[in-house]
Peer 1: 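So that we are looking at the same thing, I have put the structure below in structure tokens.
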There are 2 protein chains.
Amino acid sequence: MTVSQIDEEVAKLLQLKAQLGGEDGKHVFVLKTAKGTRDYNPKQMAIREKVFNTIIGCFKRHGAETIDTPVFELKETLTGKYGEDSKLIYDLKDQGGELLSLRYDLTVPFARYLAMNKITNIKRYHIAKVYRRDNPAMTRGRYREFYQCDFDIAGQYDPMIPDAECLKIVYEILSELDLGDFRIKVNDRRILDGMFAMCGVPDEKFRTICSTVDKLDKASWEDVKNEMVKEKGLSEGVADQIGEYVSMQGGMDLAERLLQDPKLSQSKQACAGLADMKQLFSYLQLFQVTDKVSVLFDLSLARGLDYYTGVIYEAVLSQMIQAPVVAEQNGALPGDEASVSVGSVAGGGRYDGLVGMFDPKGKKVPCVGVSIGIERIFSIMEQKAELLAEKVRTTETQVLVASAQKNLLEERLKLTTELWNAGIKAEVLYKKNPKLLTQLQHCEETGIPLVAILGEQELKDGVVKLRKVASREEVDVPREELVEELKRRTSKLP
Amino acid sequence: MTVSQIDEEVAKLLQLKAQLGGEDGKHVFVLKTAKGTRDYNPKQMAIREKVFNTIIGCFKRHGAETIDTPVFELKETLTGKYGEDSKLIYDLKDQGGELLSLRYDLTVPFARYLAMNKITNIKRYHIAKVYRRDNPAMTRGRYREFYQCDFDIAGQYDPMIPDAECLKIVYEILSELDLGDFRIKVNDRRILDGMFAMCGVPDEKFRTICSTVDKLDKASWEDVKNEMVKEKGLSEGVADQIGEYVSMQGGMDLAERLLQDPKLSQSKQACAGLADMKQLFSYLQLFQVTDKVSVLFDLSLARGLDYYTGVIYEAVLSQMIQAPVVAEQNGALPGDEASVSVGSVAGGGRYDGLVGMFDPKGKKVPCVGVSIGIERIFSIMEQKAELLAEKVRTTETQVLVASAQKNLLEERLKLTTELWNAGIKAEVLYKKNPKLLTQLQHCEETGIPLVAILGEQELKDGVVKLRKVASREEVDVPREELVEELKRRTSKLP
């Protein structure tokens, strides 16, 4: 036997086993997608396409190019970039060759791309799926495979201008998608680090304490303090000092006040962060971001990832969403997800050190970016479409080529070919002799607005009967004018 | 220490190790993408977007919906579907939980989707990346991560109509992409199986002999015969009989002749296949596929995959492509890939049994489909763009907001905001006081056609100086008319 024959044999046996079932002889093959993942059906795809078009339109309006990277990276490329979240990375099996992992976000591959190609200047977007072995909560739009829509600006520029544009982009996209009110929270890693230092947190604990502070949007201060003291070994006094700061929220005025704060003003880092925060708010005003949206300087915002070095931000929808009843039917605890905030739908910040981690000489490329968390937005849009009982079309077919009589398949195929060749979106049923009613029903079900009907008489007269599905109006159109007539009619369609 | 602290500690140490280098203290971190994969830079993405638009446009013209499935499936979903190729499947590491594999194609996930959702009727396209641990040949466009563009029709219909539409789609796409002449080869698994049976191949060897025949497009008959006899255990006499058939090529006439063939006509299966082949050719004529393209009934076409049950086909470009010199510089042997046929760019066929393999009751859903192998097409388009030294724009920016004087950052940001809010694609340099020359150079480099220039005088007069980059013509436009003027000018742009 050759190796390939053995492989084939093994595959056949395994298949047989799957069909026969497991040890007990029952069929155990489970028909499902992997945990935490889902298929998109045509309706969901139609909604997804609409959302993507809005997002890509915004990215292009801001002059961004796009790139793509492989779904997996060398494992070591991802190592040491995500702090405590590293345990959520999917690894590939060692099948000989390189050790690989599925990408955890689009930011690290972007930094690897910049370093590898020695690019010091780019404004790019990247829309692709990322992978996290997290606890899924699918009704809230939290999956193990999910899309990220990233916009990043790399390059050495004057402070806070690209940072402000990232927030402008979040503002434009969330406004355009019409998701109701939202808030944008901003903070700065330098302010957090300065605060930690002044409160007496040892240097080597900055990142891990940062991770703990990051839990404040879901956990109470008591729980967070508990973790700081019991798990991370801070003294109660230090934790309480941190507690005072992280309860502060405000606008440009808060930044000004904190610049006078007896403790914070001692930290060079914190002062740099606070001065930039003021600058950021002034640019946001010029970009008209502050007009209708509350932008909040929030000292409890920390962001989980290790690589941020400056300003950080997060956008949160104000609206609560109703989880569909289906969730409960599928075994979720009643009340568990019945009405929850979808939480953050966009986040990002400045990461000036990440590219340098990949460069052999450690050469830095300052970067700032934002990631739109599209799955939660899909969830909301889907539920909206369901609530409004919107009829979502999943095809764009403009006309069905039909016939009322038998033995006209050839004529139907010929006419369909004419239409396709002229760029008209056309369908024809794959039956030799379909009933007219069946053909009209297909139009009703899929939203095809027009039917081109062929019969013996029409063929003799050199015409086609054009029928409007909605109104049932029919008119004979000369065959040679049909394409023009269809173009005229469909250009008026939505 | 908590588990998460340990994880963090390990990650830090590993990162440190990577920075310090391996055992010998040197830096060993390799800055690369995984073997057989590549990044797409903005120029490649611009070409990719163009190709996708053509393909999606065609799929939509034929009334297709789209779906999406996760990048990984349960391992057992893929088991036993790919014959000898199963060894090329990427598995994920067992990190607790389900055993997963990266998808190998889009067809098996599609069949799983149909069975899982009990769908018996759909015309769908799916464009996504698939994964094969194959030997990469990147200059020929053969990667381990690559796109497939699939179009499939599921449902019980009259014979050969959907099959013919799949070939019409291949014809339309390859014609529209302007890739030069191409041929379409067709055959039928039933004809192959009937032929094997009549030549004396034992039933259980049909699939493996089919895999061997499939190598005829790359290997000589001698090599293929050798494999049949020495590795797969056929007698020389049986192999020679097969050899006679698989050298046959023709059109509808060949199908007619073989229906009279003393051996083949004894096989019910072969006759059914041959009758359908005739029917297929007649529909292809109605679809005008045979007008400019040679469609060849080729008995040596076998296709590697196990799941085909009826008609199978493949499209091959006639053109030879010049591999770029870069290939040799990167260590490829001179002459090795200097001028090679890119081979098959589309393939598919009928697979009536695949969905039934997933259905608990074995309920069948007949399917036929085609997959466009887009990477090879990208390779050709890229080389074409390079040869013609085409200037590919990677952004769509219509206007740069610039200034000739200092201290006008705020005014530039304000005007840019006005333009963004009006839907104009606009950029502004992220510098407080950029030189006008720098700003104009940015336009030249990235192909931005217009510049809106602000100065003290313009601000006083309530105008903006609008400059055409190509001709250097300048004209003052009243500020309140700028958006309209830009829309007027950019609607004329390509």
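First the proteins, then the strands, lettered A, B, ... as listed; each starts at 1. Please read these numbers as outputs of a predicted model, since none were measured by experiment.
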Peer 1: Side chain, backbone, both or neither: which part of A/Val71 has an atom under 4.5 Å from a heavy atom of chain B?
Peer 2: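 Looking at A/Val71, backbone and side chain both touch chain B.
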Peer 1: Quick check: does any side chain N or O of B/Glu98 sit under 3.5 Å from a backbone N or O of A/Lys35, one acting as donor and the other as acceptor?
Peer 2: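 Looks like yes, one N/O pair under 3.5 Å.
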Peer 1: A/Glu172 versus chain B, heavy atoms under 4.5 Å apart: side chain, backbone, both or neither?
Peer 2: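 A/Glu172 touches chain B through side-chain heavy atoms alone.
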Peer 1: Would you call the rings of A/Tyr157 and B/Tyr430 parallel, tilted or perpendicular, taking 30° and 60° as the class edges?
Peer 2: perpendicular
Peer 1: Of all of B/Glu145, B/Gln95, B/Lys425, which one pairs up most often with chain A through heavy atoms under 4.5 Å apart?
Peer 2: B/Gln95
Peer 1: How about NZ on B/Lys205, more than 12 heavy atoms from neighbouring residues, nucleotides or ligands closer than 6.0 Å, or not?
Peer 2: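 Correct, the count exceeds 12.
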Peer 1: Less than 4.5 Å to any heavy atom of chain A: does that hold for the side chain of B/Gln285, its backbone, both, or neither?
Peer 2: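 Neither part; nothing is under 4.5 Å.
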Peer 1: Which one, B/Thr66, B/Thr69, B/Thr77, leads in non-hydrogen pairs under 4.5 Å with chain A?
Peer 2: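 Highest number of pairs under 4.5 Å: B/Thr66.
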Peer 1: Please flag which part of A/Glu410 lies under 4.5 Å from any non-hydrogen atom of chain B: side chain, backbone, both or neither.
Peer 2: both
Peer 1: Sort out for me which of A/Leu92, A/Leu429, A/Thr397 touches chain B most, counting heavy-atom pairs under 4.5 Å.
Peer 2: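 With the most close heavy-atom pairs to chain B, the winner is A/Leu92.
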Peer 1: Using only atom types and a distance under 3.5 Å, with no angle test, would you say the side chain of A/Asp158 pairs donor to acceptor with the backbone of B/Lys432?
Peer 2: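 Yes, the answer is positive, given that a donor and an acceptor are paired below the 3.5 Å cut-off.
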Peer 1: At what distance, to the nearest 0.5 angstrom, does NZ of B/Lys93 lie from CG of A/Leu99?
Peer 2: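 Between atom NZ of B/Lys93 and atom CG of A/Leu99 there are 8.0 Å.
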Peer 1: Sort A/Tyr131 into side chain, backbone, both or neither according to what part of it lies under 4.5 angstrom from a heavy atom of chain B.
Peer 2: side chain
Peer 1: Which one of A/Phe59, A/Phe72, A/Tyr82 has the most heavy-atom pairs closer than 4.5 Å to chain B?
Peer 2: A/Phe72
Peer 1: Go through B/Lys129, B/Lys123, B/Arg133 and name the one with the most non-hydrogen pairs under 4.5 angstrom from chain A.
Peer 2: B/Arg133
Peer 1: Mind telling me whether A/Trp420 and B/Phe287 have parallel, tilted or perpendicular rings, with 30° and 60° as the class edges?
Peer 2: tilted
Peer 1: Closest heavy-atom contact between A/Asp68 and B/Tyr147?
Peer 2: OD2-OH, 3.9 Å
Peer 1: Would you name the heavy atoms of A/Asn421 and B/Lys168 that are closest together and state the gap between them?
Peer 2: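 Closest pair (atom of A/Asn421, atom of B/Lys168, distance): OD1-NZ, 2.9 Å.
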Peer 1: Taking atom NZ as the centre, does A/Lys431 end up with more than 12 heavy-atom neighbours from other residues, nucleotides or ligands that are less than 6.0 angstrom away?
Peer 2: yes
Peer 1: When only pairs under 4.5 Å are counted, which of B/Glu165, B/Glu418, B/Glu73, B/Gln44 shares the most heavy-atom pairs with chain A?
Peer 2: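 Ranked by contacts with chain A, first place is B/Glu165.
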Peer 1: Please flag which part of A/Ala115 lies under 4.5 Å from any non-hydrogen atom of chain B: side chain, backbone, both or neither.
Peer 2: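 Both parts, heavy atoms under 4.5 Å.
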Peer 1: With side chains defined as the heavy atoms from C-beta onward, is the minimum distance between A/Tyr113 and B/Asn41 less than 4.5 Å?
Peer 2: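 Result yes, sub-4.5 Å side-chain heavy-atom pair found.
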Peer 1: Hey, which of B/Lys43, B/Arg144, B/Arg61 has the most heavy atom pairs under 4.5 Å with chain A?
Peer 2: B/Arg61
Peer 1: Which bit of B/Ile89 is near chain A, if near means a heavy-atom gap under 4.5 Å: side chain, backbone, both or neither?
Peer 2: backbone
Peer 1: Under 3.5 Å, is there a donor-acceptor pair between the side chain of A/Thr417 and the main chain of B/Leu286?
Peer 2: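 Looks like yes, one N/O pair under 3.5 Å.
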Peer 1: Please look at A/Glu49 and chain B and tell me whether the side chain, the backbone, both or neither of the residue comes under 4.5 angstrom of a heavy atom of that chain.
Peer 2: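 Only the side chain of A/Glu49 comes within 4.5 Å of chain B.
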Peer 1: When rounded to the nearest 0.5 angstrom, what distance separates CD in B/Glu65 from OG1 in A/Thr446?
Peer 2: 8.5 Å
Peer 1: Would you mind checking if A/Lys60 and B/Glu396 are paired as a salt bridge, meaning a charged N to carboxylate O distance below 4.0 Å?
Peer 2: yes
Peer 1: Below 4.5 Å from any heavy atom of chain B, which atoms of A/Ile119 appear? Answer side chain, backbone, both or neither.
Peer 2: neither
Peer 1: CD1 of B/Ile122 to OG1 of A/Thr394: how many Å apart, nearest 0.5 Å?
Peer 2: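 Answer rounded to 0.5 Å: 8.0 Å.
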Peer 1: Atom OH in B/Tyr125, atom OG1 in A/Thr395: separation rounded to 0.5 Å?
Peer 2: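 That separation rounds to 10.5 Å.
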Peer 1: Given a strict heavy-atom distance threshold of 4.5 Å, which part of B/Arg38 is in contact with chain A: side chain, backbone, both, or neither?
Peer 2: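 For B/Arg38, backbone heavy atoms alone lie under 4.5 Å from chain A.
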Peer 1: Sort A/Lys32 into side chain, backbone, both or neither according to what part of it lies under 4.5 angstrom from a heavy atom of chain B.
Peer 2: both
Peer 1: With a 4.5 angstrom heavy-atom cut-off, which part of A/Arg48 approaches chain B: side chain, backbone, both or neither?
Peer 2: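 For A/Arg48, side-chain heavy atoms alone lie under 4.5 Å from chain B.
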Peer 1: Heavy-atom cut-off 4.5 Å, strictly under: side chain, backbone, both or neither for A/Arg393 against chain B?
Peer 2: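 A/Arg393 has no heavy atom closer than 4.5 Å to chain B.
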Peer 1: Is B/Leu400 close to chain A through its backbone or its side chain, or both, or neither, when contacts mean heavy atoms under 4.5 Å?
Peer 2: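 Looking at B/Leu400, nothing touches chain A.
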Peer 1: I'd like to know which of B/Ile153, B/Asp94, B/Asp91 tops the heavy-atom pair count under 4.5 Å against chain A.
Peer 2: B/Asp91
Peer 1: Non-hydrogen atoms of chain A under 4.5 Å away: do they reach the side chain of B/Leu413, the backbone, both or neither?
Peer 2: both
Peer 1: Let me know if A/Leu419 has heavy atoms under 4.5 Å from chain B in its side chain, its backbone, both or neither.
Peer 2: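 Looking at A/Leu419, nothing touches chain B.
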Peer 1: Using a cut-off of under 4.5 Å on heavy-atom pairs, state which of A/Asp85, A/Asn117, A/Leu409, A/Thr416 scores highest against chain B.
Peer 2: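 Option with the top pair count is A/Leu409.
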Peer 1: So, taking the atom named CG in A/Leu74 and the one named OG1 in B/Thr33, what distance separates them when rounded to the nearest 0.5 Å?
Peer 2: 7.5 Å
Peer 1: Let me know if A/Gln156 has heavy atoms under 4.5 Å from chain B in its side chain, its backbone, both or neither.
Peer 2: backbone
Peer 1: Using heavy-atom distances under 4.5 Å, tell me whether A/Ile448 contacts chain B through its side chain, its backbone, both, or neither.
Peer 2: neither
Peer 1: Out of A/Ala46, A/Ser282, A/Ser101, A/Pro162, return the one with the most heavy atom pairs under 4.5 angstrom to chain B.
Peer 2: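 Of A/Ala46, A/Ser282, A/Ser101, A/Pro162, A/Pro162 has the most heavy-atom pairs under 4.5 Å with chain B.
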